[in-house]
Amino acid sequence: MSYDHKSIELKWQERWEAEKVFQVTEDASKPKFYNVCMYPYPSGAIHQGHVRNYTYGDLLTRYKTMQGFNVLSPMGWDSFGLPAENAAIDSGIHPKINTENQISTMSTQIKQLGSMYDWNREFASHQPDFYRWDQWLFLELYERGLAYKAEAPVNWCPKDQTVLANEQVIDGLCERCDTPVVKKNLAQWFFKITDYADRLLDDIDKLEHWPDRVRTMQRNWIGRSEGAAFTINVDGNGSFDVFTTRPDTVFGMTFCVLAPEHPLVESLIAGSETETEAREYIAASQRQSDIERMAEGDKTGVFTGAFATNPANGIKVPIYIAGYVLMGYGTGAIMAVPGQDQRDWEFATKYEIEIIRTVQPPDEWDGEAYLDDGPTINSDFLDGLNQIEAKRRIIDWMDEEGIGEATIQYRLRDWLISRQRYWGSPIPMVNCETCGLAPVPREELPVLLPFIDDYVPEGKSPLAADDDFVNTTCPSCDEPATRETDTMDTFVDSSWYYFRYADPHNGEAIFDPAKPAYWMPIDQYIGGIEHAVLHLLYARFITKVLFDMGLSTVEEPFTRLFTQGMITLDGAKMSKSKGNVVDPVDLFASHGADSLRLFHLFMGPPTDDAAWNPNGVDGTRRFLERVWKLGWGEVAFVDREESDVDREILGTAHRTVRKVTDDIERFHFNTAIPALMILANKLSDYAADEPRQETYDEAIRLMLLLLSPMAPHIAHELWEMRGYDTMLALEPWPTWDEQLVLEETVTMIVQVNGKVRARVEVATGITAAEAEEHALGLEKIRGWIDGHEVRKVIVRQPNLVNIVIG
RNA sequence: GCCGGGAUGGCGGAACGGUAGACGCGGCGGACUCAAAAUCCGCUGGGCGAAAGCUCGUGUGGGUUCGAGUCCCACUCCCGGUACCA
């Protein structure tokens, strides 16, 4: 009987669903395990990145279920967002219709993978039942002072008359029409995540099961730095504030730099000698994104013609504008101290500005800016102090003089949630001429996103052009008023969706707090490394807000985080736009979901990027054919007593149980598969040479249990064929027998001066003295050491002896 | 630019500071076959050698150590993020 993956996979997918194997409810009698893969954007077809993600997630769902946990593994859709709107503009299909078609296709494909979810809990963020609670949450934040409106720049395409996402701006041009993009200020909504900066920073320490690199990235993103803010007077008129982490170096300030957008710039350049040059520079930098500006190799800038007075010593220094100072960080202005800052050094060198060191570098120093500690010099009353003392002294002095103070600055900015787009959750606010901004009453939620036929932007977003949507009455005075027409960033949806899974159909509240009280926190969260900062930080923030509201029992949503690498082909990320996709659906048909799952588990460390090998699935398919033959094929058993051969094969099986269990716990799936391959190969040899039925059956039983979370369909089919009448998915995970896994002998290597010169089989229990004596007595080794002085012998029994000779 | 990560055979990768290259892909040779496919068996980092074996070898250059792919320092290149892709 051949291995017919199609019928087997369909059969078991239907069985699992019919028998509700993976549908769960709160059950206080069992330990819970909440397992979530980041919900996908419904792009229309699953790709290898999804397969990788869901294979890992499903492996864990099944493994933890077998270990006796009450496992919740839900699935939903991150279905608002830019791509649906772009597709609509290009193809004319309405985002709602397009999105729902794509959800339908993708859920069918996910089911074909054999990845099991509690589909009763499925939702999509574009559904009013869901985004209603986005709006409710917005109102809660608004009332708590955590949502506010402020001016912020957007990318504006003057030809298309629309706002562009950063990724739609290519080299300063609109990706659609190549028109130069300009910055335009709009009043937009923000969430005040900076209020939570310290809590978000401090609690990173609690995330002990997160990858270190993600924790580091989040710490750096929040970017708390302690320093001082002080005022610098402009020679002539006006003043500006600067923030610095190095107030101790203020005597070394030889110039100042303002961001091109700094409000003072206009008055400084007006009428100056460099006015024309400065205006050109400002216009040029406005066409650049922050990234482009910072990425410029050499530091550029323009002298404003104005001078500032160093408050510490009264010396006048030139004021420049330069792109390397960003308006969005600190005060948008810096004191430049080239002696102690490398960027300032490069700028000063380029524009021939004086450099004064205020920290004495070591004698052997041959670098440029010196950033480390040392005695302060050239700094009047700070001379001789170390940096900590100097900082304290200068801040005290600024305090006394009334020009500055100690300040804590964060790199983190408030979260801009406004999008001038159609396909998102409407922000539930109303503008009234009399009453000003008014929140939509909660009982009127959701503010429904209207079904608009003409969503091509023409100067304003489609929502703003829809009079029926815009025109309303003021909730407080009942006079005519207009609705807010911005929609929310889709990161708002993804910052709380995992709470909704606990109570997905609740029509009365965002959720009944008792439900997530059982399931939260998420025990395992799995997704791409590209979400290391934004999504994960926003989710942590909203969880803390929900905690403060009394709706969450936890302050951190994700106990364990696993970030997987990308799938690449020919050195590039697999993507439709690059035309290098390998469609998983084709492989379901040709090789089967089990073979594809195994290949994803096998292809490399889950954290790393993995290169797609077109022939790789052939290998795992071949392995499953071998498993099939072992489970189903004819074996000529011999009726005999148990022998060393049987004990050895059982030992291999039990060592495989130990290895696979350890590897799953460590997320080293790529080494668990080879362990199973080795077991299958040994079992093939065993089956060909006078096998004993009891031994064989037991080894196969263990193999199928281990294979069950990885290649579930074939494992279940063979389990049933071999006469077990239980549902394999609900069988207990196997344990290993400590006696059986012991090995009697081991290969000991003998080195001379660190080079391997002999290998010998020794008893596992060999003592250090025995190992040394044995090694020194070997004929091969004598040839290397005779005539030399043995200086030292390092023994790591039973694995290694290293003989150091003179 | 800044933050984070990575680099090991022809390819994906394995390797508690202790046998570098497990396992798989590909390739070569053989068995089976009229033939092919499938399957099975063997070989497969470079150099030298008839062989035993020796020697070089984990991006580059240094260092620590009895011993370094692994730890430290300095580089190179590639990838992720960089706040409106999600």
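In what follows, every chain begins at residue 1, and chains take the letters A, B, ... in the order their sequences are listed.
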A:Arg796 side-chain N/O to B:G17 phosphate OP1/OP2 under 4.0 Å: no

task: Would you indicate what A:Leu800 reaches in the nucleic acid, counting non-hydrogen atoms under 4.0 angstrom: base, sugar-phosphate, or nothing?
output: base

The nucleotide from B:U19, B:C79, B:G24 with an atom nearest the side chain of A:Ile749 is B:U19

Winner on side-chain proximity to A:Pro674, out of B:C56, B:U19, B:C23, is B:C23

### Message
With a 4.0 Å cutoff (strictly under), does any side-chain N or O of A:Asn615 reach OP1 or OP2 of B:G24?
### Response
no

Exactly one of A:Arg52, A:Gln48, A:Gln564 clears side chain to side chain donor-acceptor pair (under 3.5 Å) with A:His600, and that residue is A:Gln48

Among the nucleotides B:G13, B:C25, B:C79, whichever has the atom closest to the side chain of A:Met566 is B:C79

Quiz item: Hey, mind stepping through A:Met710 and A:Ile673 against side chain to side chain contact (heavy atoms under 4.5 Å, CB included) and telling me if it holds?
Solution: CA-CA 9 Å; A:Met710 304 175 182; A:Ile673 307 295; 3.7 Å; yes

Practice prompt. Would you mind classifying the nucleic acid contact of A:Arg419 as base, sugar-phosphate or nothing, using non-hydrogen atoms under 4.0 angstrom?
Written response: base

Side-chain contact check for A:Trp784: nearest option of B:C54, B:A14, B:C25 is B:C54

Value for CG (A:Leu201) from CZ (A:Arg215), rounded to nearest 0.5 Å, stands at 11.5 Å

Ranking B:C84, B:A20, B:G4 by distance to the side chain of A:Val154, first place goes to B:C84

Among B:A14, B:C84, B:A22, the one nearest any side-chain atom of A:Gln188 is B:C84

With a 4.0 Å cut-off on heavy atoms, is A:Arg626 in touch with a base, just the backbone sugar-phosphate, or nothing at all?
sugar-phosphate

Against the side chain of A:Thr216, the closest entry in B:G4, B:A14, B:C56 is B:G4

TODO: Quick one: label A:Gly616 by what it contacts on the DNA or RNA (base, sugar-phosphate, nothing), any heavy atom closer than 4.0 Å.
DONE: nothing

- Message: Within the 4.0 Å heavy-atom criterion, would you say A:Ile803 contacts the bases, only the backbone, or no part of the nucleic acid?
- Response: nothing

Could you tell me whether A:Trp156 contacts a base, only the sugar-phosphate backbone, or nothing, with contacts defined as non-hydrogen atoms closer than 4.0 Å? nothing

- Query: Closer than 4.0 Å, any side-chain N/O of A:Asn670 to the OP1 or OP2 of B:A14?
  - Reply: yes

For B:C25, take OP1 and OP2 only and decide whether either is under 4.0 Å from a side-chain N or O of A:Arg621. no

Phosphate contact (B:C23 OP1 or OP2) by A:Lys682 side-chain N/O below 4.0 Å: no

The nucleotide from B:C25, B:C23, B:C84 with an atom nearest the side chain of A:Arg622 is B:C25

Looking only at B:G26, B:C56, B:C85, the nucleotide nearest the A:Asp618 side chain is B:G26

Within the 4.0 Å heavy-atom criterion, would you say A:Gln168 contacts the bases, only the backbone, or no part of the nucleic acid?
nothing

By nearest-heavy-atom nucleotide on RNA chain B, the more 5' of A:Ile529 and A:Ile673 is A:Ile673

Per the O4'-C1'-N9-C4 / O4'-C1'-N1-C2 angle with a 90° window around 0, B:G12 comes out anti

Give a yes or no on whether the backbone of A:Glu743 and the side-chain of A:Thr764 come within a donor-acceptor separation of less than 3.5 Å.
yes

Does B:G6 have OP1 or OP2 sitting under 4.0 Å from an N or O in the side chain of A:Arg213? no

Whichever of A:Met217 and A:Glu625 has the more 5' nearest nucleotide on RNA chain B, that residue is A:Met217

Open item on the list: Using a heavy-atom cut-off of 4.0 Å across all strands, would you classify A:Tyr324 as base, sugar-phosphate, or nothing?
Closed with: nothing

Could you tell me whether A:Ser418 contacts a base, only the sugar-phosphate backbone, or nothing, with contacts defined as non-hydrogen atoms closer than 4.0 Å? base

Q) Using atom C1' of each nucleotide, how far apart are B:U58 and B:A20 to the nearest Å? A) 8 Å

Mind checking if A:His535 touches a base, just sugar-phosphate, or nothing, with heavy atoms under 4.0 Å?
nothing

Quick note, A:Trp221 side chain, CB onward, closest among B:A83, B:C23, B:C84 is B:A83

Base, sugar-phosphate, or nothing: which does A:Pro605 touch, judged by heavy atoms less than 4.0 Å apart? sugar-phosphate

How would you label the contact of A:Asn681 with the nucleic acid (heavy atoms, under 4.0 Å): base, sugar-phosphate, or nothing? sugar-phosphate

TODO: Look at all strands and tell whether A:Val169 reaches a base, only sugar-phosphate, or nothing, counting heavy atoms closer than 4.0 Å.
DONE: nothing

Check: Yes or no on side chain to side chain contact (heavy atoms under 4.5 Å, CB included) for A:Val36 and A:Ile526, after CA distance, side-chain angles and deciding distance?
Finding: CA-CA 6 Å; A:Val36 182; A:Ile526 309 175; over 6 Å; no

OP1 or OP2 of B:A15 less than 4.0 angstrom from a side-chain nitrogen or oxygen of A:Asn799, does that happen here? no

